[in-house]
Structures are given as structure tokens and as C-alpha cells.
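Below you'll find the structure, written out as C-alpha cells, and then a few comments.
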Amino acid sequence: MNTTDADVSNPSAGASVSDQVGGAILRALSLAVAAQELPSGLVLPSQITLERPKNRDHGDYATSVALALAKPAEMAPRAVAEVLRTYLLADHEVKSVISAVEIAGPGFLNITLARAGQGAIIAAILSEGEIYGHSRALGGVKINLEFISANPTGPLHLGHTRWAAVGDALGRVLSAAGAEVTREFYINDRGNQMELFGASLRAAAQGVAVPEDGYHGEYINEIAGQIKSAHPEYLTLPDVQSLDAFRDAGYALQLADQQRVLEGFRTHFDIWFSEKSLYENDFFKHCLDRLRAQGHVYEEGGATWLRTTDFGDDKDRVMIKSDGAFAYFASDSAYYISKRERGFEICIYMLGADHHGYVNRLKAIAACAGDDPNYNIDALIGQLVKIMENGEELKLSKRAGTIITLEELVEKVGVDAARYTLIRYPVDTPMVMDVDVLRSRTNENPVYYVQYAHARICAVLRNASDLGITYGVDQIHAELLENDRERELIGALAEFPRVVAGAAELREPHRIARYVEELAGIYHRFYADCRVLPMGDEAATDLHRARATLCSATARVIANSLALLGVSAPEKM
RNA sequence: GCGCCUGUAGCUCAGUCGGAUAGAGCACUCGCCUUCUAAGCGAGUUGUCGCAGGUUCGAUUCCUGCCAGGCGCGCCA
């Protein structure tokens, strides 16, 4: 399918070994049809999905195409497989890559790679370096990735932290898959919450009781104190100006604080988007006109509504309240239209489980704007995170002041462990972080397991250099790497580009973590069985150089994986 | 009531765009540091993949119903 497009900027897109094998199977199919060994009317698949068999006796790759085609071809599955095998083995283009094709079970085709195919994998990793694993799977699609979007009225807490880690990793993964990604943080800088925030700050500064429905944490006193000492005159302003002054000053401090904390957490945003800006320069009016032109806006009871029930929402939503104020939904609608008018094809929203009810109305906005909600909007729902320490759950309560902030979590376990742990679970399952485990240095703590593998390889390579052993693209010697552990390791390294592409398409960065854990395990086993460097005064051989080269390729893939997660790959531990 | 998510080994969880004997860590037992990082490796034990139907050559994976748990259903933001 994509074997003919040589993409210079991205070699792995066009020439990976599995692509070559898949292409060969497609050729075999068409040749067989042309030769009438398969029925001429047979509809062939557009691409072949190869899987890596769990059982290693089943070769390096397996495909079930023969099973799938048996029925339409009105042939026995194994007979289809037999035809395929014959043509596959006769294909000159893959002769150097494939060494054996076997038919097994009900009609699986098990394919074993030739040594040259294995060498090509190592060569690709070493020559592509940091971009090994990148692809054109999402070929240039413009994606707006919005995550966290916390109110600028307090510190980021544990719930935001999951999105900070996962959202950032997803951004990296989407980019690696060739998408053009803009990471965006939506700032709710208008509305009642902001007014309450301002009122709470001023009350704290005045030393009077904070409004019942206002903000109460200890941080409110701190910020109020900061504002008061910097601008004592705020307290003497007329009431309205005074409230505005406290609100704006508090907002600036909180926003700056969130930005600082997130940068420290290695989570970067391209755009900090102000909700307020949606109402500047008649932009909101423009959005309303556009929705009205599509015929989904109406007035009732003095309010302006969007008829979202036209597109599966439970009830219509108010945009402009009867008192003339803009409802939050007005912003949601305008924000979506802004994203689309800024050229984003796909808008990804990362929402907490407590907001999952928004998905339908968000999709309805897209539909009301004349878009395809199932393509233009991609809503990811994240379940809640619990945190345990000393065997007890740390409860999150703003009232009791026991809120766990992102910063506190990082102080407890560090950025690497926090990010890694938050990313390694699918977001739609609730998760529990155990602080004690995250501080431990054992197999229980996967981030150390993976980082240790990287550090271990770096140590071996340092020793290799000390011994004057050269390794690299010209020292692959794939024909010498015949141990099962070596084959298994190479096979895992070859998987990486597909894992990245899959994680991007499914929006599941945790797949990268699970992959790299498996890779680390395979490396540790290789290391236990295959001595890399010469012992004692033993002379260095090509096998030593070949293994050192394989180590170097493995370190590259582990480092690339961790880079996608925003986790460091230490050279020493 | 309606909607979303979850239910896999004693525990914490992977896996599932349908595939060949269902995986990892923890826990438990026993081995491996006189040469590359033992933060490691190896061996052993553990399953009605919530329950019941359906589609299929094949279902833990897809569909329907049910059971259990979590969450959400404002002219709040």
C-alpha cells in the first residue's frame, strides 16, 4: 500500500520490514487471482494486518488472510494458504527478507524473517536515530489537543495531573505519527467563578468571612496576602473596582503559577486560550450568526437557545440567558467554532469523568455548525485518580484543605515516576497511585525497571568503548545473531513504529509504556543469556561487536519510547 | 428513569479494530553476583475472562438482555 512511496524525511514510513512483508502478501494475492488459482472475482483486502505471534514457534509474523478469504473464495482455508505460500516464496523482492513460510492450524501463514531482514531492522534504528518509530500514519492532519483547562482560581490538583501527563504524552505521540498538533489550554477567565474568586480574595484580604460558595483553601489567604502587600490601595477602591482588581490580580498569579508548575512537569502548551477573548471583536456574534444560518438557533422565554436535540442531545441548551448573560455553553460553542476556523480538522477534548455528560452536547455543537461530529470531535473521558500513602487513601477535599496538588505529588515521587505511572493506564479505567510503590526501586515500579534497562545498556556500551570495541551500522553482523534471545529482541525492536502509530490512532499513549516495559524485560533476559563483551583477555570478535550494536539499537528504542512519554532515559543510575 | 465507564489469577492491573495453549507485577516456594549495573534473571503454583443468549470456521474481544460497582443528567461554571 505504501511501499512505493519513498519518503525521505521519514524512512520508516515506507520501508519497514513488516511493510515489505505485507506488500509481498498483497502481490502474491493479486498474482494468484491473475493466474486463476484464486477465483477471479475475489475482493482482496487493501492492506494486510500482520501480527506477532505470541508463540515463537509460529515465526516472526503471522497473518490470517487465508482464513478471511476462504469463505468468499469458496475454498478451504488451508488451500488458500497453500496458494499464497507458493507465490510468496517465488517473490524475488522479498527473497532476502523472508526465510520461511509455514501453514499452521486452521490456515495461518507463519512467516520467518531471514537474517538480512533482521539486520535491516537494526540498520534502520541506528540510521534513523531519534526519529525511529515516527511515521506518516496521521499524515499531516491538523489536530487541536485541548487538555487540563483548569479554572485559574486555584492550584492544579491530582485530577488535572492525570491529564497533564497523558495529554502531553498524547501530543508527543500524535506528532510522532505525523499529525500537526497544537496543544491548547482553555482558560475559564470569565463568569461567576471568576467573580467569586475575586470576592473570596478580597474578603480574605479584609479579614472578613469568605462567601459561603466562594473559595476557601489556605492558598486563598496566601494569594490575598500577596496582593494586599503589593497593592494596598486595592482595598480602598470603590467596591466594584476593588473586586475587579482582586480578581484580576489573583487570576494573573494563579495563571502564572499553573504555567510554572506545568513547565516543571514537562507539559508544554502552544496556546493558552482565553475564554474572554471569544467575546471580543464580535467573534461571538459571528458564531451565533453562523449557527443561526444553519437553522439551529431559536429564542424562547427571553433566552437564546441552540437546538442540540436535533443531534442527539437530551435537551436544548441555553446560550444567552434571559438576563442577557452568556451561559457557559455559549463559550463552548464559540470555542469549537474558533478551533475549526483556525484550521483544525480534529478537535480532541480530554474530559474528566464528571464531565462526560458534555460529550453529546459538544458533538451537537459540531453538528449544528454543519460538521461531522464523529470525525471533527474526539472526546476522551478520563476516570478519576486516587492516591494512597502508608496504606491509606489521601482524600481530596478543598474544604478540609487536604487537596493534593500536582506540585505535592511531584515532591513526593518525582516527575518521572508521576508521569510514567499516570500514563501507563488506559484513561478510561480508574487508577490508584501508591506513593510508597512509586518511591520503591523494584519490579513493582515499572518506571525504574525501564530506566534501569537503559542505564544498564549505557554501562555496557561505555565498557565497550573502553575496551576499544566498535559498534554501529557497519558492525551489525546479523548472521551471527542467531540466539533465541537475540531474535526476540530484534523482533520487539521492529514493532516500535507500529506501536507508536497504533497509540496515535487509538489516542492511547499507555501503549507506549506497556511496550517499553516488555522491551525492557526482553533486554534483561537477553543480557542474562548473551554475554556482550569479551571476558578477561579474550579477543573481541564480530559477535561482540554485533551484540554491542544490538544493545545500542535497544537503548535507542527505549530512549525514544521514554521521550514519547516525557520521561527521562538516564545513562547512569 | 436516561446516558457514559468498569467487571480478567488471592491483590493491583494489561490484553480485545475476532484468531492458534489468556498475560505482567505483587504475594508464595526454590535457584543465580570470582568478570558487562542483582534497581536484574530463571523455575514452580493460580483463571466459570460478571451471568445468559446471539453472530462467526473461531468470541475475553462484536451485538442484545440481565447482575454488580463508579460517575453524570441546571437559564452553575
Side-chain angles (χ1 to χ4, degrees), chain A residues 49 51 53-55 57-58 62-64 67-68 70-71 76-77 104-108 110 151 153 188 190-194 196 213 275 300-305 312 314-315 317-329 331-332 352-360 379 381-384 424-432 434 437 440-453 455-464 466-467 502 505-506 510-511 513-514 517-518 520-521 523-536 538 544 547-548 551 572-573:
Chain A
T49 48
E51 55 182 282
K54 294 166 207 156
N55 186 332
D57 295 337
H58 295 155
T63 175
S64 59
L67 288 165
K71 193 157 196 183
F108 290 101
N110 294 335
N151 288 341
T153 54
N188 301 129
R190 60 167 294 281
N192 286 346
Q193 293 305 312
M194 286 305 293
L196 274 172
D213 51 355
E275 179 188 356
E300 191 180 294
T304 303
W305 299 71
D314 305 335
K315 49 170 299 193
R317 304 291 166 180
V318 169
M319 302 184 80
I320 305 176
K321 299 188 249 182
S322 50
D323 65 1
F326 296 108
Y328 192 77
F329 187 70
S331 299
D332 282 342
D354 51 343
H355 288 71
H356 76 254
Y358 295 13
V359 175
N360 277 343
I381 303 301
Q383 298 296 322
L384 305 178
R424 82 184 279 268
Y425 299 95
V427 292
D428 50 16
T429 41
M431 62 166 292
V432 179
D434 187 324
V437 168
S440 74
R441 302 174 157 193
T442 63
N443 280 2
E444 282 183 275
N445 194 356
V447 65
Y448 283 114
Y449 182 80
V450 172
Q451 289 182 318
Y452 180 72
R456 196 180 220 190
I457 296 172
C458 291
V460 171
L461 294 178
R462 279 193 297 272
N463 296 341
D466 290 348
L467 293 170
E505 281 160 10
L506 298 167
H510 77 274
R511 287 169 182 267
R514 299 293 171 164
E517 284 167 33
E518 193 187 333
Y523 179 78
H524 286 311
R525 270 168 257 141
F526 155 82
Y527 179 89
D529 282 10
C530 301
R531 173 80 200 186
V532 178
L533 302 176
M535 295 173 67
E538 201 185 340
H544 295 124
R547 285 180 173 167
C551 284
K572 287 184 182 173
M573 287 174 76

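The chains referred to below are lettered A, B, ... by the order of the sequence lines, with proteins before strands, and numbering in each begins at 1.
- Between the P atom of U16(B) and the CZ atom of Arg514(A) lies a distance of 11 Å, rounded to the nearest Å.
- Shown here for Asn188(A) and Glu275(A), the closest heavy-atom pair between the two residues is CA-OE1, 3.3 Å.
- Checked against G19(B), U16(B), A39(B), the side chain of Met573(A) finds its nearest nucleotide in A39(B).
- Between Thr153(A) and Gln193(A), the side chains place no donor N or O within less than 3.5 Å of an acceptor N or O (distance only, hydrogens not considered).
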Output one line per pair: protein atom, nucleotide atom from nucleotides 73-75 of chain B, and distance, for all N/O pairs under 3.5 Å.
{"unit_1": "C75(B)", "atom_1": "OP2", "unit_2": "Lys315(A)", "atom_2": "NZ", "d": "2.6"}
{"unit_1": "C75(B)", "atom_1": "O2", "unit_2": "Ser322(A)", "atom_2": "N", "d": "2.8"}
{"unit_1": "C75(B)", "atom_1": "O2", "unit_2": "Ser322(A)", "atom_2": "OG", "d": "3.0"}
{"unit_1": "C75(B)", "atom_1": "N3", "unit_2": "Ser322(A)", "atom_2": "OG", "d": "3.3"}
{"unit_1": "C75(B)", "atom_1": "N4", "unit_2": "Gly301(A)", "atom_2": "O", "d": "3.4"}

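- Within the nucleic acid shown, Ala353(A) comes within 4.0 Å of sugar-phosphate atoms alone, with no base atom in reach, counting heavy atoms only.
- When both distances must be under 3.5 Å, the Watson-Crick or G-U wobble mate of A52(B) is U64(B).
- In this structure, Ala104(A) reaches the bases: a heavy-atom distance under 4.0 Å links it to at least one base atom across the strands shown.
- In this structure, Arg424(A) reaches neither bases nor backbone, as no heavy-atom distance under 4.0 Å exists between it and the strands shown.
- Taking CE of Met573(A) as the start and CZ of Arg456(A) as the end, the distance is 11.5 Å to the nearest 0.5 Å.
- Residues Gly357(A) and Val532(A) both approach RNA chain B. Their nearest nucleotides, taken by heavy-atom distance, put Val532(A) toward the 5′ side.
- Residue Pro426(A) is in sugar-phosphate contact alone, with no base atom involved, counting any heavy-atom pair closer than 4.0 Å across all strands shown.
- Comparing U8(B) with G50(B), their P atoms sit 6 Å apart, to the nearest whole Å.
- Spacing of P atoms, C49(B) relative to A9(B), comes out at 10 Å, to the nearest Å.
- Both Cys530(A) and Tyr449(A) lie close to RNA chain B; mapped to their nearest nucleotides by heavy-atom distance, the more 5′-ward contact belongs to Cys530(A).
- For G58(B), there is no paired base (Watson-Crick or G-U wobble, both distances below 3.5 Å).
- Put simply, Phe108(A) does not rest on the base of G19(B): the two rings are not both less than 5.5 Å apart at their centres and under 30° in tilt.
- Across all strands shown, Ala453(A) has no heavy atoms under 4.0 Å from either base or sugar-phosphate atoms.
- Without hydrogens or angle criteria, Arg424(A) side chain to Arg514(A) main chain gives no donor-acceptor distance under 3.5 Å.
- Residue Arg525(A) places its side chain closer to G42(B) than to any other of U16(B), C26(B), G42(B).
- Once the 5.5 Å centre distance and the 30° plane angle are applied, the aromatic ring of His58(A) is found stacked with the base of A20(B).
- Comparing C5(B), G15(B), C41(B) against the side chain of His510(A) picks out G15(B) as the nearest.
- Nucleotide G18(B) has no partner under the Watson-Crick or G-U criteria, as no pair reaches both atom distances under 3.5 Å.
- The residue Arg547(A) sits apart from the nucleic acid: no heavy atom pair falls under 4.0 Å.
- Taking a pair to require two hydrogen-bonding distances under 3.5 Å in either a Watson-Crick or a G-U wobble arrangement, C33(B) remains unpaired.
- The side chain of Asn192(A) approaches C76(B) more closely than any other nucleotide in the set U56(B), C36(B), C76(B).
- Rounding to the nearest 0.5 Å places CG of Asp428(A) at 13.0 Å from NE2 of His356(A).
- Looking at heavy-atom distances under 4.0 Å, Ile381(A) makes no contact with the nucleic acid at all.
- Regarding the sugar-base torsion, C33(B) falls in the syn class, its angle being within 90° of 0.
- Using a 4.0 Å heavy-atom cutoff across all strands shown, Leu67(A) reaches at least one base atom of the nucleic acid.
- Separating the P atom of U16(B) from that of U60(B) is a span of 15 Å, rounded to the nearest Å.
- A24(B) is paired with U12(B) under the criterion used here, namely a Watson-Crick or G-U wobble arrangement in which both key atom distances are under 3.5 Å.
- Out of A14(B), G3(B), G19(B), the shortest distance to the side chain of His356(A) is found at G3(B).
- Remark: G72(B) base-pairs with C2(B); criterion is Watson-Crick or G-U wobble with both hydrogen-bond distances under 3.5 Å.
- Considering only side-chain N and O atoms, Ser440(A) lies nowhere under 4.0 angstrom from the phosphate OP1 or OP2 of C26(B).
- The residue Asn110(A) sits close to a base: some heavy atom pair falls under 4.0 Å.
- For the C1' atom pair drawn from G1(B) and A14(B), the interatomic distance equals 36 Å after rounding to whole Å.
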